[in-house]
**Student:** 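Pasting a structure here, questions to come.
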Amino acid sequence: MSEEKSFNFIEEIIDQDLKAGKHEHIVTRFPPEPNGYLHLGHASAICLNFGLTQTFPGYTNLRFDDTNPETEETEYVESIKQDIQWLGFQWKNEFYASDYFEQLYQFAHRLIEKELAYVDDSTSEEIRALKGTPTAAGKNSLYRNRTVEENKDLFTRMRNGEFKDGEKVLRAKIDMAHTNMLMRDPVLYRIKHAHHHRTGDAWCIYPMYDFAHGQSDSIEQITHSICTMEFIPHRELYDWCIENLGIYPSHQYEFARRNINYTVTSKRKLLKLVQDGLVDGWDDPRMPTISGLRRRGYTPASIRDFCERVGIAKRDNIVDVSLLEHSIREDLNKHALRRMAVLDPIKLIITNYEEGKTEWLQAENNPEDADAGHRELGFSNELWIERDDFMETPPPKYFRLGPGLNVRLKHAYIVTCTGFKKDADGKVTEVHCEYHPNSKSGNDQSGIKAKGTMHWLSCNHATSAEIRLYDRLFKVENPANEDGDFLSYVNEHSLQILPKAFIEPSLTEASLDDRFQFLRLGYFCLDKNATKEHLIFNRTVNLKDSWAKENK
RNA sequence: UGCCUCAUGGUGUAAUGGUAGCACAUCAGUUUUUGGUACUGCUUGUCUUGGUUCGAAUCCAGGUGGGGUAACCA
């Protein structure tokens with residue numbers, strides 16, 4: 001049974017490069033800008049870049065693209081590192097574009113000396129105006145023909161802090177009529193008297209992306225620099241810089257960023273959700289961030305599996321969240337301990353069971369894993385069951401409780417419903433039933449057939465907890481594609497808090513790494529804000545529910 | 001409007017000139033002390049028009065459609 005796993009187009013390129021002897025090993029890098037938290041889209045890039053050097057000989061660097069001090073912070077650096085490691089990857093080197101500021105500055109001088117760069121005094125508005133349009137060529141700047149000496153002097157003085165923000169920029173001297181707008185004398189350096197999270201106040205000029213990224217790749221001798229498709233036009237400039245600087249020829253390859261329906265993966269939009277308080281921070285369990293997924297209960301393996309299933313290609317895409325949910329269910333089904341919880345309780349009284357008696361029942365921890373062992377469950381005449389599990393007048397294919405119907409109480413007995421009580425509003429307050437003593441789980445001699453099996457909790461052997469249920473963050477499949485403000489498509493019912501649900505008492509001992517399946521309800525994990533006194537469980541994902549589907 | 005880029009079931013992705021496959025989703029069924037899991041089966045696809053070829057999803061040409069691109073962001 002050999003499973004043929006085909007290469008994606010990037011693996012294909014690398015495989016050929018290696019076979020052609022172009023490299024003996026490869027070097028990739030993951031280059032986040034520390035201006036936000038990592039999300040599912042980054043997970044794809046991480047799995048790709050780090051996965052490549054697991055498939056092929058080589059290694060992967062982590063390099064922070066920290067060339068814009070105004071938006072970048074150490075908090076983001078730390079979260080990014082944590083998320084990558086949590087996903088299960090380890091970088092060879094931890095680098096920063098800011099490590100290369102001095103070298104980059106020298107590179108700029110080299111370009112000036114080759115008459116390939118000049119200092120421009122134009123304002124940003126003037127530069128934009130002279131840039132032309134896609135159909136009309138741009139015009140040369142008045143300052144385009146400064147001498148090498150003048151440029152070197154001015155650029156040095158820019159670094160020395162003699163000018164204010166925006167007063168001057170360094171530009172590449174390429175071609176103002178180029179069909180690629182990026183090649184129309186792109187800005188290489190700008191003046192920002194801003195405090196940088198790593199270099200402090202050492203610099204007041206900062207390189208632009210195009211004069212930092214490719215050069216950093218080259219310095220690190222990155223063989224395959226992988227980025228998303230919107231950088232395709234940058235490749236020409238990437239190559240131009242490397243060629244004219246005469247440095248190590250890294251190459252850029254582009255793939256299509258991954259999109260997922262009913263959410264957004266744009267740091268700008270995610271930041272907006274955080275800033276407007278629509279979510280409880282970057283790690284809100286509804287966020288598609290790595291930290292949000294972690295808090296929600298997703299496992300690293302499930303996210304890696306998801307990325308693997310989605311794959312890598314070049315066409316626009318919107319991946320269905322059900323694939324993500326499939327990945328986490330598959331993982332958790334194998335590993336999560338089974339427990340019982342009652343979210344919306346209603347009392348079940350067993351009228352023929354001795355009052356005050358407690359019976360201890362054996363319950364398996366995980367039917368998928370014999371090694372997971374068993375636990376003891378207290379059983380008595382008063383139980384909590386799910387309100388959903390009783391209907392006064394059930395429809396035909398209802399396998400739960402209703403007048404005269406039988407049901408198996410999981411790990412316990414078969415009961416027959418004998419009656420119920422309602423309050424003044426007509427709301428059911430109590431369900432009555434009789435149990436069949438010879439129908440005990442594991443030793444059923446009753447011969448009674450029960451179509452359904454229900455979860456329950458003994459009133460005297462249950463403790464309470466807050467439970468949080470989550471739904472998709474947005475009401476529409478592709479919020480980015482809708483008219484108007486994307487915030488108006490936020491699903492206002494995406495979080496449902498149940499302040500007092502019942503759970504098995506042993507759950508008091510749960511730790512953040514534990515994963516549980518609450519029988520018939522879904523997979524749950526402890527929230528980071530939970531305490532022993534105030535337990536909080538997050539629902540990671542529900543179980544597939546063919547009954548709910550049939551009722552739609 | 002220029003340039004760049006992409007196009008395979010509902011979704012994502014394979015097939016590298018030779019039987020269009022896999023996964024998710026959907027639907028139907030079997031098993032089941034979780035309406036879970038597991039298992040079986042069905043439905044659904046090569047954007048279009050030409051060309052090359054014994055043979056085209058694949059190569060060529062023209063259309064069409066989507067996306068990117070005109071920040072002192074990355």
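Heavy-atom basis, side chains included; hydrogens, waters and symmetry copies ignored. In what follows, every chain begins at residue 1, and chains take the letters A, B, ... in the order their sequences are listed.
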**Student:** Just compare A25(B), G66(B), U33(B) and give me whichever is closest to any side-chain atom of Ser441(A).
**Tutor:** U33(B)
**Student:** Choose from A14(B), G12(B), A70(B) the nucleotide whose nearest atom is closest to any side-chain atom of Ser6(A).
**Tutor:** A14(B)
**Student:** For His411(A) and Gln362(A), run side-chain hydrogen bond (donor to acceptor under 3.5 Å, both in side chains): C-alpha distance rounded to whole Å, both residues' side-chain angles, the deciding distance at 0.1 Å, then the answer.
**Tutor:** CA-CA 7 Å; His411(A) 305 305; Gln362(A) 282 258 304; over 6 Å; no
**Student:** As a quick check of understanding, evaluate side-chain hydrogen bond (donor to acceptor under 3.5 Å, both in side chains) for Ser44(A) and Arg258(A), giving each step before the final call.
**Tutor:** CA-CA 7 Å; Ser44(A) 256; Arg258(A) 316 323 313 208; 4.8 Å; no
**Student:** Suppose we call a contact any N or O donor and acceptor under 3.5 Å apart; does that hold for the side chain of Glu254(A) and the base of U5(B)?
**Tutor:** no
**Student:** Looking at the side chain of Pro367(A), which of C73(B), U34(B), A14(B) is the nearest nucleotide?
**Tutor:** U34(B)
**Student:** Would you say a side-chain N or O of Thr67(A) is under 4.0 Å from OP1 or OP2 of A74(B)?
**Tutor:** yes
**Student:** On RNA chain B, does the nearest nucleotide to Ile318(A) precede the nearest nucleotide to Asn333(A) from the 5' side, or the other way round? Give the residue.
**Tutor:** Ile318(A)
**Student:** Nearest to the side chain of Thr179(A), heavy atoms from C-beta on, is which of C72(B), U13(B), G2(B)?
**Tutor:** G2(B)
**Student:** Using OP1 and OP2 only, check whether a side-chain N or O of Lys544(A) sits under 4.0 Å from G36(B).
**Tutor:** no
**Student:** Within the stacking criterion (centroid distance below 5.5 Å, interplanar angle below 30°), does Tyr209(A) stack on A74(B)?
**Tutor:** no
**Student:** Taking atom P in both U8(B) and U13(B), what distance in whole Å separates the two?
**Tutor:** 8 Å
**Student:** Looking only at N and O atoms, is any donor in the side chain of Thr453(A) or the base of U34(B) less than 3.5 Å from an acceptor on the other one?
**Tutor:** no
**Student:** Here's a test of your reading of the structure: between Tyr398(A) and His326(A), which maps to the more 5' nucleotide of RNA chain B?
**Tutor:** His326(A)
**Student:** Round to the nearest Å and state the distance from Phe30(A) atom CZ to A74(B) atom P.
**Tutor:** 16 Å
**Student:** Taking only the P atom of each, what is the distance from A57(B) to A20(B) in whole angstrom?
**Tutor:** 8 Å
**Student:** Strictly by modelled atom types, are Ser439(A) and Asp444(A) linked by a side-chain donor-acceptor pair under 3.5 Å?
**Tutor:** no
**Student:** Thinking salt bridges, do Asp331(A) and Arg515(A) make one under a 4.0 Å N-O criterion?
**Tutor:** no
**Student:** Across the strands shown, which category fits Ser266(A) at heavy-atom distances under 4.0 angstrom: base, sugar-phosphate, nothing?
**Tutor:** nothing
**Student:** From CG of Asp389(A) over to P of G36(B), roughly how many Å is that when rounded to an integer?
**Tutor:** 14 Å
**Student:** How would you list, by chain and number, every residue that makes a ring pair (Phe, Tyr, Trp, His ring centres under 6.0 Å) with Tyr523(A), sequence neighbours excluded?
**Tutor:** none
**Student:** Out of the candidates Leu182(A), Ile174(A), Thr179(A), Asn180(A), only one should pair with Glu236(A) under the side chain to side chain contact (heavy atoms under 4.5 Å, CB included) rule; please name it.
**Tutor:** Asn180(A)
**Student:** To the side chain of Lys314(A), which of C24(B), C73(B), U5(B) is closest?
**Tutor:** U5(B)
**Student:** Rounding to an integer number of Å, can you tell me how far Asn8(A) CG sits from A15(B) C1'?
**Tutor:** 15 Å
**Student:** Determine the contact category for Met208(A): base if any of its heavy atoms lies under 4.0 Å from a base atom, sugar-phosphate if only primed atoms, P, OP1 or OP2 are that close, otherwise nothing.
**Tutor:** sugar-phosphate
**Student:** Indicate whether OP1 or OP2 belonging to C73(B) is found under 4.0 Å from a side-chain N or O atom of Lys192(A).
**Tutor:** yes
**Student:** Using the C1' atom on both, measure U48(B) against G65(B) and round to a whole Å.
**Tutor:** 10 Å
**Student:** Return yes if the base of G67(B) and the side-chain atoms of Arg315(A) contain a donor-acceptor N/O pair under 3.5 Å, otherwise no.
**Tutor:** no
**Student:** Could you state the atom-to-atom distance from NZ of Lys549(A) to C1' of A28(B) in whole Å?
**Tutor:** 13 Å
**Student:** For the pair made of CZ in Arg329(A) and C1' in A38(B), what is the distance, rounded to whole Å?
**Tutor:** 16 Å
**Student:** Which nucleotide in the set U34(B), A70(B), G35(B) lies at the smallest distance from any side-chain heavy atom of Ser546(A)?
**Tutor:** G35(B)
**Student:** Whether the side chain of Arg338(A) and the base of U34(B) hold a donor-acceptor pair under 3.5 Å is what I'd like checked.
**Tutor:** yes
**Student:** Taking donor-acceptor contacts at under 3.5 Å, does the side chain of Glu477(A) reach the base of G10(B)?
**Tutor:** no
**Student:** For the pair made of CZ in Arg258(A) and P in U11(B), what is the distance, rounded to whole Å?
**Tutor:** 14 Å
**Student:** Answer yes if the side chains of Asn365(A) and His374(A) hold a donor-acceptor pair under 3.5 Å, and no otherwise.
**Tutor:** no
**Student:** Any donor-acceptor pair under 3.5 Å joining the side chain of His234(A) to the base of A74(B)?
**Tutor:** yes
**Student:** Without decimals, in angstroms, what is the distance between His455(A) NE2 and U34(B) C1'?
**Tutor:** 10 Å
**Student:** Give the rounded distance in Å between these two atoms: CG of Asp320(A) and P of G12(B).
**Tutor:** 9 Å
**Student:** Between the base of U33(B) and the side chain of Arg408(A), is there a donor-acceptor distance below 3.5 Å?
**Tutor:** yes
**Student:** Ala313(A) has a side chain; which of C24(B), U13(B), G12(B) sits nearest to it?
**Tutor:** U13(B)
**Student:** When you get a sec, tell me which of A74(B), U34(B), U1(B) is the closest nucleotide to the side chain of Glu33(A)?
**Tutor:** A74(B)
